[in-house]
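Order of the sequence lines sets the chain letters (A, B, ...), proteins ahead of strands, with each chain counted from 1.
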Amino acid sequence: MSTELLKDLRARGLVFQIAGEEALPAWLDAESRTLYCGFDPTADSLHIGSLVPLLMLRRFQLAGHRPLALVGGATGMIGDPSFKAQERQLNTPDVIDGWVGRLRDQVSRFVDVDAGACSAEIVNNLDWTRGLDVLTFLRDVGKHFSVNAMIQKESVKQRLDREGSGISYTEFSYMILQSYDFAELNRRYGCGLQIGGSDQWGNITGGIDLTRRMNGSTVYGLTMPLVTKADGTKFGKTESGTVWLDAAKTSPYAFYQFWLGTSDADVYRFLRYFTFLDVDVIAQIEKEDAAGQGRPQAQGILAREVTRLVHGNDGLYAAERITRSLFDGDLKALSAADLSQLKLDGLPSSSLSRADLPETVTQLLTEAGMTRSGKQVKDALLSGAVSVNGEALGWADNGSPAACLASERALHGRFFVVRLGKKKVHLFDLT
RNA sequence: GGAGGGGUUCCCGAGUGGCCAAAGGGAUCAGACUGUAAAUCUGACGCGAAAGCUUCGGUGGUUCGAAUCCACCCCCCUCCA
């Protein structure tokens, strides 16, 4: 069963490195095992960068193992230096504490906390770190670490070598804290496997060593590849920034659109990374797309699957409703109720009264949040990229927003669907 | 504590008295081409509709004029103690 799991993970390209490679398959096959992955509170929500490990926990759980999701109330106070170019800004304890609560809720949606012996648990390393005093820590834990070995770790090398940056003792100690987590989870839960992104390799092997030294147990580690894009740009960013898992920070619609925009060069790999679709099914999709003309089906499947995983069926339907209405359908065919629904579904929208209209279209669209600056609107107007209910505006229209949003042009007397470029759409509800 | 190096617009990185809202690259946005893809080409890229306004770690100063010079301060890096 678990041999099969590993085989599947390999087929998906989800295995980057394994510590204890020879023994791990048999260890997993023998019985239901406990594994963990940590998530540090660096914001009030996780983003899609954490999706691969989150889903990985679930993959193991589906294969009959027990996942522990660790929310790093302690490690989050320190800051992981792994492959970071710069020292991080520390947040205050109460801020971090608030984030821990948010992440707990978020993380628990990805694993089954009610699955009998395999029930997932959410743990917080602050629970066993808070009471630790410095002397005990230095004597009992620190003594097992060789600074000589620590500075050899690739993850901190650039901070040690690089001109113009450095590393504080605080961040340097991060590895020890995380290692201690593994040892502690091994002691408390019999946890024997830690998974994480490939940037966590140094921290994971540190934990493996410490667990052997402190508990005399053999434990394992597995890392997943960093998600990259074929064009070399950073994965997980859009114009408006990070793609968050929290629906309040990134709407299901925006989330869905993000995945829909995946390039052909990445989409099949992402299907393997981010969905539970069988690898054979994905191969079949790829084959069909290659054989067919025009637009591939893969992006749509990816968007649908991932949005459902993160936002559930309701979130997915909302996202699909908006997408269909705006990109596949005819705006004029939408009823007033449809348009109101789009607002509820999370289509960016604003309600304002005719009297509140600003002096220029650039102001109107900028204030609505469609772009960062009026310059971009100007640029778009000049190239005919702005439209109101399907009718293009020009630069000459800039001075007369009221005329652009004239009642005669409204849908159902009050709605204006304004597009800027191909992808940015905003609904104005004018009363 | 001492010596040296450094802090420039989202990032990297030029600029060392006017020609600087500040080279170049990246990222980003828009257009063309397409498939809400990629690549490519074009344009934008501090704010502002415009007039104009505000930037080059901070505060003062020199000067007709400063990112550039001076003073003090803050932060980072390297080496020494």
statement: Comparing A/T262 with A/T366, nearest RNA chain B nucleotide closer to 5' gives the residue A/T262

Strand partner of B/C29, provided both Watson-Crick or wobble distances fall under 3.5 Å: B/G43

- request: Could you give the distance separating B/G15 and B/C69 at their P atoms, to the nearest angstrom?
  value: 13 Å

field: C1' atoms of B/G2 and B/U16, separation to the nearest Å
entry: 28 Å

message: Let's test your reading of the model: under 3.5 Å, does the base of B/U36 pair with the side chain of A/Q299 as donor and acceptor?
response: no

Distance test, side-chain N/O of A/K423 to OP1/OP2 of B/U28, below 4.0 Å: no

statement: Partner of B/C64 under the Watson-Crick or G-U wobble criteria, both distances under 3.5 Å, comes out as B/G18

query: Considering Watson-Crick and G-U wobble pairs with both distances under 3.5 Å, what does B/A81 pair with?
result: none

- request: Tell me which of A/K229 and A/K375 sits closer to the 5' end of RNA chain B, going by the nucleotide each one is nearest to.
  value: A/K229

task: Tell me what A/T360 touches on the nucleic acid: a base, only sugar-phosphate, or nothing, going by heavy atoms under 4.0 Å.
output: base

- prompt: A/Q86 CD to B/G57 C1': how many Å, rounded?
  reply: 14 Å

- request: Rounded to the nearest angstrom, tell me the gap between atom CG in A/D328 and atom P in B/G35.
  value: 14 Å

- request: Using a 4.0 Å heavy-atom cut-off across all strands, classify A/G399 as base, sugar-phosphate, or nothing.
  value: nothing

query: Out of B/G48, B/C29, B/G35, which nucleotide sits closest to the side chain of A/R295?
result: B/G35

B/C10 and B/A44, which share atom name C1', separated by this distance in whole Å: 16 Å

A/N398 side chain, from C-beta outward: closest of B/U36, B/A30, B/A49: B/A49

message: Students often get this wrong, so: under 4.0 angstrom with heavy atoms, is A/D231 touching a base, only sugar-phosphate, or nothing?
response: sugar-phosphate

message: Determine whether a donor-acceptor pair (N or O, by modelled atom type, separation under 3.5 Å) exists between the side chain of A/Q194 and the backbone of A/G207.
response: no

- line: Across every strand shown, the nucleotide meeting Watson-Crick or G-U wobble geometry with B/A71 (both distances under 3.5 Å) is B/U59

- prompt: Under a 4.5 Å cut-off applied to non-hydrogen side-chain atoms, are A/L326 and A/L331 in contact?
  reply: yes

query: Taking the C1' atom of each, how far is B/U9 from B/U54, in whole Å?
result: 12 Å

message: Tell me the interatomic distance from A/E239, atom CD, to B/A27, atom C1', rounded to whole angstroms.
response: 12 Å

field: Gap in Å between the two P atoms, one belonging to B/A71 and one to B/G26, rounded
entry: 39 Å

- prompt: Considering Watson-Crick and G-U wobble pairs with both distances under 3.5 Å, what does B/U34 pair with?
  reply: none

task: Calculate the interatomic distance between A/K378 atom NZ and B/C29 atom C1'; express it in whole Å.
output: 15 Å

- prompt: Taking atom C1' in both B/U63 and B/A67, what distance in whole Å separates the two?
  reply: 16 Å

query: Looking for any heavy atom pair under 4.0 Å, which part of the strands does A/A265 touch: base, sugar-phosphate only, or nothing?
result: nothing

query: OP1 or OP2 of B/A37 sitting under 4.0 Å from any side-chain N/O of A/S263?
result: no

- line: Whole-Å distance, A/R372 CZ to B/G48 C1', equals 17 Å

- request: May I ask you to say what A/Q257 touches in the nucleic acid, namely base, sugar-phosphate or nothing, with a heavy-atom cut-off under 4.0 Å?
  value: base

query: Does atom CD of A/E359 have more than 12 heavy-atom neighbours, drawn from other residues, nucleotides or ligands, at distances under 6.0 Å?
result: no

task: Figure out the CD/C1' separation between A/Q89 and B/C76, and round it to whole Å.
output: 13 Å

- prompt: A/K422 has an atom NZ; how far is it from atom P of B/A30, in whole Å?
  reply: 9 Å

task: Would you classify A/K234 as touching base, sugar-phosphate or nothing, given that sugar-phosphate means primed atoms plus P, OP1 and OP2, and contacts are heavy atoms under 4.0 Å?
output: nothing

- request: If the plane angle is over 60° it's perpendicular, under 30° parallel, otherwise tilted; pick one for A/F235 and A/F270.
  value: perpendicular

- request: Mind running side chain to side chain contact (heavy atoms under 4.5 Å, CB included) on A/F182 and A/V219 for me, showing each step along the way?
  value: CA-CA 9 Å; A/F182 200 177; A/V219 291; 3.7 Å; yes

task: Tell me which nucleotide among B/C45, B/A27, B/U36 gets nearest to the side chain of A/F327.
output: B/U36

task: Sticking with atom C1', work out how far B/U8 lies from B/C79, rounded to a whole angstrom.
output: 27 Å

- prompt: Taking the side chain from A/D133 and the backbone from A/T136, do they hold a donor-acceptor pair closer than 3.5 Å?
  reply: yes

message: Just to be sure I understand the rule, does A/D264 reach a base, reach only the sugar-phosphate, or reach nothing, if contact means heavy atoms closer than 4.0 Å?
response: base

query: Just by distance, do the side chain of A/D429 and the backbone of A/L352 share a donor-acceptor pair under 3.5 Å?
result: no

field: Phosphate-side-chain proximity, A/K424 and B/A30, N/O vs OP1/OP2 below 4.0 Å
entry: yes

- request: Pick base, sugar-phosphate or nothing for A/T371, based on heavy-atom distances below 4.0 Å to the nucleic acid.
  value: nothing

- request: Answer whether the closest heavy-atom distance between the side chains of A/L430 and A/F415 falls below 4.5 Å.
  value: no

message: What's the gap between B/C33 and B/A38 when it is taken at their C1' atoms, as a whole Å value?
response: 12 Å

query: Between B/A44 atom P and A/Q376 atom CD, what is the distance in whole Å?
result: 13 Å

